[in-house]
Q: 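For reference, the structure I am asking about is given below.
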Amino acid sequence: MTRAVLVDLDGTLIDTAPDLAAAINAMLADLECAALEIAQVRSFIGEGVAMLVRRSLGARMSASEVEAKLAPALAHFERHYASANGRYSSLYPGVVEGLRAMRGLGLKIGCVTNKPLRFAEPLLAHFALLELLDALVAGDSTAAKKPDPAPVLETCRRLGVPPQSCVLIGDSAHDAHAARAAGMPFVAVPYGYGAKEELQHEQVIASLARAAESLAAGRSYPG
């Protein structure tokens, strides 16, 4: 029986790509590099800020230049993202309805994200989602990020629910790998930033609202 639902943030709850792209392109401008298309930035999302910045730099310079400029680039990005965070992003359909319905079913809800806490918390608060969560585990809350199971297990610990009684909803293979390594089922949303071919064998739910309907009907998710 499912007692708790864990949800990813970027690409699952909120479309944050416009904010991230704005900060990445402002960072690139600081470094006198050409801007990237938002679709390209979107394809770089999923393994935390450092990887996003590294991949974005790699699209504009050699590997050796990336290593030399990574530290200042990260500082530029974080400064710009602090200003852009929540400004251009938007909620995906069914998110608020789904989370409220899950809470109405007596389920606990945790958000597990690779985004640093200093960005994740104000972003969730901006969209009035923080009040719907029982736990938030961010990219710097544990020693490892998804696809490592550590943040998923930490979320379960904070919720007081064993992994086998939880389900993780996300948009990427990193979410799927983290869930399975933690011993819980995974369900994918069809939107977001994950490569669709990597999720073709996963169970898919159209939205968080539909996930809540399935849980209300007593349907459990396969492991």
Side-chain angles (χ1 to χ4, degrees), residues 7-61 66 69-70 72-99 111-133 136 138-140 145-146 169-175 188-199 204-209:
V7 289
D8 173 52
L9 199 168
D10 299 78
T12 301
L13 295 178
I14 304 172
D15 180 8
T16 55
D19 291 346
L20 292 166
I24 284 292
N25 284 330
M27 173 201 78
L28 290 172
D30 289 341
L31 299 174
E32 299 183 342
C33 294
L36 296 173
E37 294 292 333
I38 188 171
Q40 190 168 13
V41 176
R42 183 180 283 113
S43 72
F44 295 157
I45 299 171
E47 293 182 76
V49 165
M51 186 60 72
L52 171 65
V53 170
R54 183 182 293 274
R55 288 170 172 164
S56 299
L57 292 177
R60 289 290 180 254
M61 59 186 67
V66 169
K69 296 186 177 180
L70 183 59
L74 276 166
H76 286 304
F77 171 81
E78 294 200 359
R79 175 169 52 84
H80 291 300
Y81 189 56
S83 298
N85 192 17
R87 181 178 297 181
Y88 309 110
S89 55
S90 58
L91 286 171
Y92 286 108
V95 166
V96 173
E97 300 91 330
L99 293 179
C111 178
V112 54
T113 175
N114 282 345
K115 186 186 292 295
L117 184 63
R118 62 188 178 280
F119 296 136
E121 196 168 56
L123 177 63
L124 289 164
H126 175 77
F127 285 100
L129 297 183
L130 200 59
E131 63 199 54
L132 300 178
L133 302 175
L136 168 60
D140 47 2
K145 301 179 178 67
K146 296 178 292 182
I169 301 176
D171 71 310
S172 74
H174 297 303
D175 296 318
V189 291
Y191 50 82
Y193 312 137
K196 299 302 177 281
E197 60 271 16
E198 294 180 353
L199 297 171
V204 177
I205 195 81
S207 67
L208 266 67

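Atom set for the values below is all heavy atoms of this structure, side chains included, hydrogens, waters and symmetry mates excluded. All residue numbers in this chain count up from 1 along the given sequence.
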Q: So Leu28 and Leu57, do their side chains get closer than 4.5 Å, heavy atoms only?
A: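 The answer is yes, as the side chains (C-beta and beyond) meet within the 4.5 Å cut-off.
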
Q: Can you measure from CD1 (Ile38) to CD1 (Ile24) and round to the nearest 0.5 angstrom?
A: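 Those atoms lie 11.5 Å apart.
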
Q: Measure across Ala59 and Gln40 and return the closest heavy-atom pair with its distance rounded to 0.1 Å.
A: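 Residues Ala59 and Gln40, closest heavy atoms: CB-NE2, 3.7 Å.
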
Q: Residues two or more places apart in sequence or in another chain: which of them pass side-chain hydrogen bond (donor to acceptor under 3.5 Å, both in side chains) with Asp15?
A: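 If we apply the side-chain hydrogen bond (donor to acceptor under 3.5 Å, both in side chains) test to Asp15, skipping adjacent residues, the hits are Tyr193.
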
Q: What is the distance from atom NZ of Lys146 to atom OG1 of Thr113, rounded to the nearest 0.5 Å?
A: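 If I round to the nearest 0.5 Å, the distance is 5.5 Å.
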
Q: Checking Asp19 now: which residues fulfil salt bridge (charged side-chain N to carboxylate O under 4.0 Å, His left out) with it, not counting sequence neighbours?
A: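 Per chain and number, Asp19 pairs via salt bridge (charged side-chain N to carboxylate O under 4.0 Å, His left out) with no residue.
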
Q: Rounded to the nearest 0.5 Å, what separation is found between the CG atom of Asn85 and the CG atom of Leu123?
A: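 Rounded to the nearest 0.5 Å, the CG-CG separation comes out at 4.5 Å.
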
Q: By salt bridge (charged side-chain N to carboxylate O under 4.0 Å, His left out), which residues pair with Arg60, not counting sequence neighbours?
A: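 Checked Arg60 against salt bridge (charged side-chain N to carboxylate O under 4.0 Å, His left out); zero matches.
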
Q: Restricting to side-chain hydrogen bond (donor to acceptor under 3.5 Å, both in side chains), what partner residues turn up for Thr16, sequence neighbours left out?
A: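 Result, side-chain hydrogen bond (donor to acceptor under 3.5 Å, both in side chains) vs Thr16: Asp10.
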
Q: Not counting sequence neighbours, which residues clear ring pair (Phe, Tyr, Trp, His ring centres under 6.0 Å) with Phe119? List them please.
A: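 Tyr81.
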
Q: Closest heavy-atom contact between Gly46 and His174?
A: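 Heavy atoms of Gly46 and His174 come nearest at O-CD2, 4.0 Å.
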
Q: Show the nearest heavy-atom pair for residues Pro190 and Ala206, with the distance to one decimal.
A: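 Smallest interatomic distance, heavy atoms only, reads CD-O, 3.7 Å.
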
Q: Please, which pairs that meet salt bridge (Lys or Arg N to Asp or Glu O under 4.0 Å) have at least one residue in residues 40-55, sequence neighbours excluded?
A: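 Checked against salt bridge (Lys or Arg N to Asp or Glu O under 4.0 Å) - neighbours excluded - the pairs reaching residues 40-55 are Glu47-Arg55, Arg54-Glu67.
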
Q: Please enumerate all residues that pass salt bridge (charged side-chain N to carboxylate O under 4.0 Å, His left out) together with Lys145, with sequence neighbours excluded.
A: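 Here no residue qualifies.
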
Q: According to salt bridge (Lys or Arg N to Asp or Glu O under 4.0 Å), does anything in residues 121-132 pair up with another residue at least two apart or in another chain? List the pairs.
A: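 Residue pairs passing salt bridge (Lys or Arg N to Asp or Glu O under 4.0 Å), neighbours aside: none found.
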
Q: Among Val7, Leu124, Leu99, whose side-chain contact (heavy atoms from CB on, under 4.5 Å) with Leu132 holds?
A: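 It is Leu99; the other options fail the test.
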
Q: Taking the side chain as every heavy atom from C-beta outward, state whether Phe127 and Ser89 have any pair of such atoms under 4.5 Å apart.
A: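 Side chain of Phe127 against side chain of Ser89, heavy atoms only: contact under 4.5 Å found.
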
Q: Measure across Ala120 and Leu9 and return the closest heavy-atom pair with its distance rounded to 0.1 Å.
A: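 For Ala120 and Leu9, the tightest heavy-atom pair comes out as CB-CD1, 4.0 Å.
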
Q: What closest approach, in Å, do His126 and Gly86 show between heavy atoms, and which atom pair accounts for it?
A: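 The pair with the smallest heavy-atom distance is NE2-O, 3.3 Å.
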
Q: Could I get the full list of salt bridge (charged side-chain N to carboxylate O under 4.0 Å, His left out) partners for Glu78, not counting sequence neighbours?
A: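 Counting only residues at least two positions away or on another chain, Glu78 forms a salt bridge (charged side-chain N to carboxylate O under 4.0 Å, His left out) with Arg118.
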
Q: Check ring pair (Phe, Tyr, Trp, His ring centres under 6.0 Å) between Phe44 and all other residues, then give those that pass, not counting sequence neighbours.
A: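 For Phe44 there are no ring pair (Phe, Tyr, Trp, His ring centres under 6.0 Å) partners, ignoring immediate neighbours.
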
Q: Hey, what do you get for CG (Asp171) to CG (Leu13), rounding to the nearest 0.5 Å?
A: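 If we round to the nearest 0.5 Å, Asp171:CG and Leu13:CG are 9.5 Å apart.
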
Q: Applying ring pair (Phe, Tyr, Trp, His ring centres under 6.0 Å), name anything that partners Tyr191, two or more places apart in sequence or on another chain.
A: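 By the ring pair (Phe, Tyr, Trp, His ring centres under 6.0 Å) rule, Tyr191 matches Tyr92.
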
Q: Heavy atoms only: give me the nearest Thr12-Ile169 pair and the separation to one decimal.
A: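 Scanning both residues completely, I find the closest heavy atoms to be CG2-O, 3.8 Å.
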
Q: Applying salt bridge (Lys or Arg N to Asp or Glu O under 4.0 Å), which residue pairs with at least one partner in residues 26-41 are found, sequence neighbours left out?
A: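 Every salt bridge (Lys or Arg N to Asp or Glu O under 4.0 Å) pair that includes a residue of residues 26-41, provided the two are not neighbours, is Asp30-Arg79.
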
Q: Would you say the side chain of Leu52 lies within less than 4.5 Å of the side chain of Val41, judging by non-hydrogen atoms?
A: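 In contact.
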
